[in-house]
Amino acid sequence: MSSLNDALETARLTYEQHVRTCRQCHADGAACAVAKHLLRIYNNARRDHMRAHGRPGTTG
């Protein structure tokens with residue numbers, strides 16, 4: 001289970017760091033294509049983490 005936690009944390013940190021440092025995200029006031037992709041990776045990691053821990057509402 002540790003690898004799922006690591007993947008989730010890494011995805012979150014990567015997304016947050018990108019949003020903080022990306023000129024395009026700041027200039028446009030909206031997420032750039034890379035930020036959207038990183039957010040998708042984070043959401044997938046979060047979903048996998050929730051499924052592995054048997055959270056309600058995550059059957060599929």
Side-chain angles (χ1 to χ4, degrees):
M1 293 294 168
S2 176
S3 64
L4 284 176
N5 290 335
D6 292 344
L8 179 62
E9 186 67 14
T10 300
R12 183 184 65 80
L13 290 173
T14 303
Y15 170 73
E16 289 176 352
Q17 180 181 12
H18 174 82
V19 171
R20 278 194 309 270
T21 60
C22 176
R23 286 187 308 172
Q24 186 176 349
C25 288
H26 285 285
D28 294 346
C32 71
V34 173
K36 289 177 185 178
H37 179 72
L38 293 172
L39 182 58
R40 195 172 307 122
I41 291 170
Y42 169 65
N43 285 335
N44 288 340
R46 187 175 51 146
R47 190 176 308 118
D48 290 344
H49 183 266
M50 291 175 73
R51 284 183 185 147
H53 288 89
R55 300 287 160 88
T58 58
T59 58

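Note that the coordinates shown come from a computational prediction; the quantities given were computed from them, not determined experimentally.
Judged by distance alone, with hydrogens and angles left aside, the side-chain atoms of His53 form no donor-acceptor pair with the main-chain N or O of Asp48 at under 3.5 Å.
Taking CD of Gln24 as the reference point, atom NE2 of His18 lies at 7.5 Å (rounded to 0.5 Å). Taking CG from Leu39 and CG from Asn44, the interatomic distance works out to 9.5 Å, rounded to the nearest 0.5 Å. Atom-to-atom distance recorded for Tyr42:OH and His37:NE2 is 16.0 Å, nearest 0.5 angstrom.
Shown here are the side-chain contact (heavy atoms from CB on, under 4.5 Å) partners of Arg20, two or more places apart in sequence or in another chain: Glu16, Gln17. Partners of Ala7 by side-chain contact (heavy atoms from CB on, under 4.5 Å), not counting sequence neighbours: none found.
Residues Asn43 and Arg40 bring no donor and acceptor atom of their side chains to less than 3.5 Å of each other.
With contacts defined as side-chain heavy-atom distances shorter than 4.5 Å, the pair Arg47/Met50 does not qualify.
Considering every non-hydrogen atom in both His49 and Asn5, the closest pair reads NE2-OD1, 2.6 Å. Cys25 approaches Ala31 most closely through the heavy-atom pair SG-CA, 4.0 Å. Ala45 approaches Ala11 most closely through the heavy-atom pair CB-CB, 4.3 Å.
Using a 4.5 Å cut-off between side-chain heavy atoms of Ile, Leu, Val, Met, Phe, Trp and Tyr, with links allowed through other members, Leu13 and Val34 fall into different hydrophobic clusters.
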